[in-house]
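Worksheet: the structure to be examined is printed underneath.
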Amino acid sequence: MVLKHIPYQFTILLGGLLTLYSSQFLSAQILNYSSTAYPSTSWINNPTQMANGTTDLAFLTPILLSGNDGPRFICGFFCNTDRSSCLFGVLIFQNSHSPARENTMMQFPKLVWVANRNHPVQLNTTLQLRQDGDLVVADSDGTVVWSSNTRGKPVSGLNLTEMGNLVLFGRNNETIWQSFDHPTDSLLLGQKLVPGQKLIASVSESNLSQGLLSLSFNHHDGLVAYVDSSNSPQIYYMSGFNGENPLVEFNNGSFYGWDIPPTSVAQFMKFEPDGHLRVYQWAGINWREVADLLRTEAGDCGYPMVCGRYGVCTNGQCGCPDAAKYQSSFFRQMDFRHPNLGCSPVTPISCDYAKDHILLELNNTYYFAFDSSLNEQRTELEDCKNTCLSNCSCKAAVFVHHQWVNSYACNASQSNCSRTIMRSNGTSKGSCLLLNEVFSIINNDNYAVSIWGDSSLFIKVQSSYVEKPKRTKVILASTLGTLFAVLCIVGICFVVMRKRLKESNETEVDFLGQVPGMPTRYSYEMLKALTEDFSRKLGEGGFGCVYEGIIENGTKIAVKCIDGFGQVKDSFLVEVKTIGSIHHVNLVKLIGYCSEKSHRLLVYEYMANGSLDTWIFGGKRNLPLPWHVRRKIILDIAKGLAYLHEDCSQKIIHFDIKPQNILLDSNFNAKVSDFGLSKLLEKDQSRIVTKMRGTPGYLAPEWLSNIITEKVDVYSFGIVIMEIICGRKNLDWSMTEENRHLLSLFKIKAAEEKLQDMVDQKSEDMLINIEEVLDMMSIAAWCLQSDFTKRPSMSLVVKVLEGLVAAETNLDYDFTYSSVISTFTGADQEQQVVDDAATPLLPSILSGPR
Ligand SMILES: *[C@@H]1O[C@H](CO)[C@@H](O)[C@H](O)[C@H]1NC(C)=O
Ligand SMILES: *[C@@H]1O[C@H](CO)[C@@H](O)[C@H](O)[C@H]1NC(C)=O
Ligand SMILES: *[C@@H]1O[C@H](CO)[C@@H](O)[C@H](O)[C@H]1NC(C)=O
Ligand SMILES: *[C@@H]1O[C@H](CO)[C@@H](O)[C@H](O)[C@H]1NC(C)=O
Ligand SMILES: *[C@@H]1O[C@H](CO)[C@@H](O)[C@H](O)[C@H]1NC(C)=O
Ligand SMILES: *[C@@H]1O[C@H](CO)[C@@H](O)[C@H](O)[C@H]1NC(C)=O
Ligand SMILES: *[C@@H]1O[C@H](CO)[C@@H](O)[C@H](O)[C@H]1NC(C)=O
């Protein structure tokens, strides 16, 4: 395994070592190197020492060595297992006293200072202590990778002190340069952190380059830990200035007021990639963590990198902002096996498409940088959001309502302080924090972080993104410059530009999903993913196919493709807005939509029991519904329609009431679907009556006239009642001629007073409740009056069904007039949906074959 990359001699040596009989590899105890060196010396990086590293073997080129008992230090090159990447620095390790360990490798030396952390070097690199006083790491071709910048200074030598400090000293032993003044991510006993210096954590355990987290000290804020990015630091820890400890010095037993176990064995402090500041101590066979400083108020979730960028931390567990709580998926995990690596936006934020930026609200979340960045400027929530939306460099806004007042109370000796939080007078103002970069987010559902009020995070996402049309450049070659060619090119360009312009106009639509309760905008790609490439077809309606999908939280959805509406652009969004704003328990809820290029899709709530037709005359008719369920379904439809007709701000005529458009949830609650869609067909209101819509068999007779009102829905509803009661279609071509048309039969049976003959015999329950069933049939007859002015309104039907009002009894059972229309399309009526708005209603069709 490891041996693969190691040269031949090395393999032999390693083999010898592993059998513990070789003395080629010196044990830590008998290393013999000096601790001091003098100018005009250079050392080549050619590893001679192996060590047990963190995960693998490491290779060392020792240069200087210090310490005797207990902690020891090596200055030299430290290479990874395949020796492809080496760093020059100072390592700490524990001297082993045990004779039994004499032949073992140096155990787990740790880098506590690195010269060239951002520029790892290879073998044959040299360290040069030059005559001119400079200490230099140079590549084999002479390139300087790192320098102490002490050229021209009177350097007399290089010394590695007993504390692990690498010092360039002068003639009088004065310090000219020392590694303690240039800390990387670690502190050693006796080392200070002074204002102007900072510890910078590495990118990760394996990549030792400078990461984004810094820890610094100043006399105003004390110790401050922060993400150092985009010139606006995000602070996650601030100690406040501790007057008693103006010095931040790592002492035997303490650091800036924190107690650390005193020890005589090796100990060091490291600012780690996860944002923790930990103290490690040698514990016989390995290092042990003895202190974890910088505790944040939010516990494990309070560190910026705990869940990576855009990761949401819930009790130490990581997830993406979409999971469970939020409907659509704007983020995906960088690596689903390692959720702590964070999330990335599915569609990157593009400043060219700022119009499509929306803010995703994450309720009850908190952001680590909030407290420390809190300025006392108070703004309204909307201002906060708008400021973020209007500036492309803003990636998220944190808003905290000032519902709480925070006060500190301390006793006389100041030794015991407590924080009291009291509710203040209601105010819509709060504090607003804008973020240029989003790191881990704290899920504060259980109010783990005591803050001043409710806080929410609004993350900016790109709701859709279309490649920017590239400018068409036409280079005219003068040699081909005939006028004809020019005209052709210009002509083509014009067409192309126009088309592109049209396409780009199409994408520049305003977003409406920000408003709570409004449908979410999905990208076509996303819907494709959610429906597994439109693989599970639920059905086919008058407007296109419906597919099953599952959104991230496991909720099922029904995705309806709207066919043939490529030409309808603006009106689509207007209608989506209208439909999306309609909420009623008996109307299928629109939860999202997609309008991208020529794709028009609507996302609805999923209805577990499918459409009504399958239960009354489709595949499930062998499971006949009992009367009380049918009755409830009729009432539900009536309520849904009454709402559309009378309670919406804008009257909505459905135009296509039929069992296929009545959906049933898992409890057989009926909901009307497809409402508002027929309007999409027709923008030109003046032509509304010249074109017939709806489904033959359910069309009201007044389609012959020019007066179309919501009563066309009442008529269709009457037919649906009859179909529910009779358990058959209005037009059933499998029946004998006299039975074929339900309404004709209705007239005959009413005249014969044998209406019970028509009732669905599959359910005994129907005959037991025959009185109620017959009452319902007379309501149906009322709805089917050929004179539409005699039909009840849907709200009246609801009242009758609820027993509040008596039904009309003076009814005309002559529905024959309507049968002309109802039969004109012939046998295959399901396929013959009149969905083509361009089909004019011709008298010849209407009076067609019976
Ligand atoms: C270490 O090396 C020096 C010379 O390089 C030598 O004089 C000394 O005896 C050695 N010490 C041990 C313990 O081997
Ligand atoms: C490296 O350290 C591990 C853990 O302490 C130990 O089991 C292993 O034997 C060591 N390897 C060598 C070659 O000393
Ligand atoms: C290092 O230097 C030696 C001697 O100059 C040479 O043989 C070897 O190929 C060099 N190795 C690398 C990796 O440059
Ligand atoms: C280490 O991280 C730095 C900064 O993120 C990156 O530029 C570099 O490529 C990384 N190195 C490796 C070996 O992954
Ligand atoms: C640290 O303090 C402990 C006890 O006070 C002492 O035993 C130990 O030698 C000290 N270590 C150093 C490095 O001074
Ligand atoms: C967040 O809270 C507000 C007010 O409490 C509410 O209107 C909104 O629907 C909530 N949003 C989510 C995504 O839960
Ligand atoms: C946008 O935000 C950045 C960073 O917060 C700020 O520097 C810049 O001035 C802002 N631009 C505008 C136009 O407000």
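Note that the structure is predicted; figures quoted are calculated from it, not measured. All residue numbers in this chain count up from 1 along the given sequence. When reading the values below, keep in mind they use all heavy atoms of this one structure, side chains included, and skip hydrogens, waters and symmetry mates. Counting starts at 1 for both ligands and their atoms, in listed order.
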**OP:** Could you walk me through whether His219 and Phe217 pass ring pair (Phe, Tyr, Trp, His ring centres under 6.0 Å), step by step?
**Re:** CA-CA 7 Å; His219 288 293; Phe217 171 74; 5.3 Å; yes
Original post:
If you look at every heavy atom in Leu293 and Tyr303, which pair is closest and at what distance?
Top reply: O-OH, 4.2 Å
**OP:** Flag Ser264 as yes when one of its N or O atoms lies below 3.5 Å from any N or O atom of ligand 5, and as no otherwise.
**Re:** no
Original post:
Between Lys395 and Glu437, is the closest basic N to carboxylate O distance under 4.0 Å?
Top reply: no
Original post:
Which residue owns the protein heavy atom closest to atom 13 (C) of ligand 5, what's the atom, and how far is it?
Top reply: Thr263 O, 3.8 Å
Original post:
Among protein heavy atoms, which lies nearest atom 4 (C) of ligand 4, and at what distance?
Top reply: Val203 CG2, 3.9 Å
**OP:** Output the distance between atom OG (Ser156) and atom CZ (Arg171), rounded to the nearest 0.5 Å.
**Re:** 6.0 Å
Original post:
Looking only at protein heavy atoms, which one is nearest to atom 5 (O) of ligand 5, and how far off is it?
Top reply: Pro262 CB, 4.2 Å
Subject >> Atoms of ligand 4, numbered as shown, that sit under 4.0 Å from any heavy atom of Asn207 >> reply: 1 (C), 2 (O), 3 (C), 8 (C), 10 (C), 11 (N), 12 (C), 14 (O)
**OP:** Tell me which protein heavy atom sits closest to atom 10 (C) of ligand 5, plus the residue, atom name and distance to 0.1 Å.
**Re:** Asn252 ND2, 2.2 Å
Original post:
At what distance, to the nearest 0.5 angstrom, does CG of Asp139 lie from CD of Gln122?
Top reply: 7.5 Å
Original post:
Is Arg83 positioned over the aromatic face of Phe59, cation under 6.0 angstrom from the ring centre and no more than 45 degrees off axis?
Top reply: yes
Original post:
Do you see a protein non-hydrogen atom under 4.0 Å from atom 7 (O) of ligand 4?
Top reply: no
